[in-house]
Amino acid sequence: DAGVIQSPRHEVTEMGQEVTLRCKPISGHDYLFWYRQTMMRGLELLIYFNNNVPIDDSGMPEDRFSAKMPNASFSTLKIQPSEPRDSAVYFCASSLARQLNTEAFFGQGTRLTVV
Amino acid sequence: AQSVTQLDSHVSVSEGTPVLLRCNYSSSYSPSLFWYVQHPNKGLQLLLKYTSAATLVKGINGFEAEFKKSETSFHLTKPSAHMSDAAEYFCVVSDNAGNMLTFGGGTRLMVKP
């Protein structure tokens, strides 16, 4: 397996534009996580899914952020409208049958810059 | 509730000298503990994990960590640093169900030649 695949790797957009980040989890994994990483706040969990269903979205910063998982092999994180403070690296991770000691596998991340 | 504290935001060592990255955790349950490494412009890679089978856990690239329940610590060590070890390291605790990963603030390791 190629691991967790995120696209694009880099995105530069203007304030107010819609941004869509994409993630393909490892085949067979039933949990998917979206994280945001910034210098100020470190790694923050935004939302996670189990079997394509959102379980906890309490980390989503505001209504401008939304995430979907239409099937087991694809998820999107959308920001509309984008703002400069959304600039960060966004990571997607997946894992199998969450139980004690199961690790998450991370993608390479999408570096988002909103100007 | 659970939390992780990495006591040093930056650690600098010379190549060939020992590495110690400190991590303390709090958890209401018997925790699962992990160390991840992030090289510049890369994703996070699992270094090692505590499975409760043994308190001393060996990971990749010569790293190991010791779980000390009495001290609520899970410090990461390596006997001899290599230039390629320069990266950011994250200590992570997972809740009893394994659903929520809580990350420490990270420790940036710098290795001097």
Side-chain angles (χ1 to χ4, degrees), chain A residues 2-10 21 23-26 29-51 53-59 88-113, chain B residues 1-10 23 25 27-55 57 59-60 63 65 67 74 87-108:
Chain A
V4 176
I5 299 172
Q6 291 185 247
S7 63
R9 289 293 310 277
H10 302 273
L21 311 181
C23 175
K24 181 180 187 307
I26 292 173
H29 281 190
D30 53 359
Y31 278 81
L32 184 139
F33 306 81
W34 281 102
Y35 287 87
R36 178 172 68 176
Q37 185 179 36
T38 62
M39 288 291 290
M40 291 295 293
R41 301 171 72 95
L43 269 160
E44 304 171 275
L45 177 65
L46 300 177
I47 184 172
Y48 76 93
F49 296 82
N50 176 220
N51 292 324
V53 176
I55 302 300
D56 186 345
D57 66 353
S58 60
V89 181
Y90 291 82
F91 287 103
C92 177
S94 71
S95 68
L96 177 64
R98 291 305 277 170
Q99 55 187 322
L100 217 56
N101 305 320
T102 302
E103 70 265 31
F105 294 81
F106 284 77
Q108 298 274 50
T110 295
R111 182 174 295 277
L112 173 65
T113 304
Chain B
Q2 57 190 27
S3 66
V4 180
T5 302
Q6 291 184 242
L7 297 156
D8 307 294
S9 59
H10 294 81
C23 172
Y25 69 91
S27 175
S28 303
Y29 307 98
S30 296
S32 296
L33 293 159
F34 309 82
W35 275 98
Y36 280 84
V37 60
Q38 184 180 26
H39 287 92
N41 300 313
K42 300 288 187 184
L44 286 88
Q45 179 185 17
L46 181 71
L47 265 183
L48 51 82
K49 62 181 179 180
Y50 168 65
T51 64
S52 76
T55 56
V57 182
I60 61 172
F63 284 93
F67 173 70
F74 191 57
E88 186 144 22
Y89 292 79
F90 293 93
C91 183
V92 183
V93 62
S94 176
D95 68 7
N96 195 43
N99 291 327
M100 293 291 294
L101 295 179
T102 300
F103 281 77
T107 298
R108 185 167 297 278

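So that the names make sense, note that chain A is the first sequence line, chain B the second, and so on, each numbered from 1.
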- Task: Let me see the working for L101(B) and F33(A) under side-chain contact (heavy atoms from CB on, under 4.5 Å), right down to the final yes or no.
- Result: CA-CA 10 Å; L101(B) 295 179; F33(A) 306 81; 5.6 Å; no
Check: In Å and rounded to the nearest 0.5 Å, what is the CD to CG distance from E88(B) to L43(A)?
Finding: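 Rounded to the nearest 0.5 Å, the CD-CG separation comes out at 8.5 Å.
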#### Entry: Rounded distance [0.5 Å steps], CZ in F90(B) versus CD in Q37(A)
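Atom-to-atom, F90(B):CZ and Q37(A):CD are 4.5 Å apart.
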Item to complete: Name the region of R41(A), side chain, backbone, both or neither, that has any atom closer than 4.5 Å to a heavy atom of chain B.
Response: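 For R41(A), there is no contact with chain B at all, as no heavy atom is under 4.5 Å.
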key: Under 4.5 Å from a heavy atom of chain B, the part of E44(A) involved   =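 For E44(A), no heavy atom lies under 4.5 Å from chain B.
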Which atom pair, heavy atoms only, marks the closest approach of [X] to [Y]?
{"X": "R9(A)", "Y": "N41(B)", "value": "NH2-O, 3.5 Å"}
{"X": "E103(A)", "Y": "K49(B)", "value": "OE1-NZ, 2.7 Å"}
{"X": "L44(B)", "Y": "F106(A)", "value": "O-CB, 3.6 Å"}
{"X": "Q38(B)", "Y": "F91(A)", "value": "NE2-CZ, 3.2 Å"}

### Message
At a 4.5 Å cut-off on heavy atoms, which part of Q45(B) comes close to chain A: side chain, backbone, both, or neither?
### Response
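Nothing of Q45(B), per the 4.5 Å heavy-atom cut-off to chain A.
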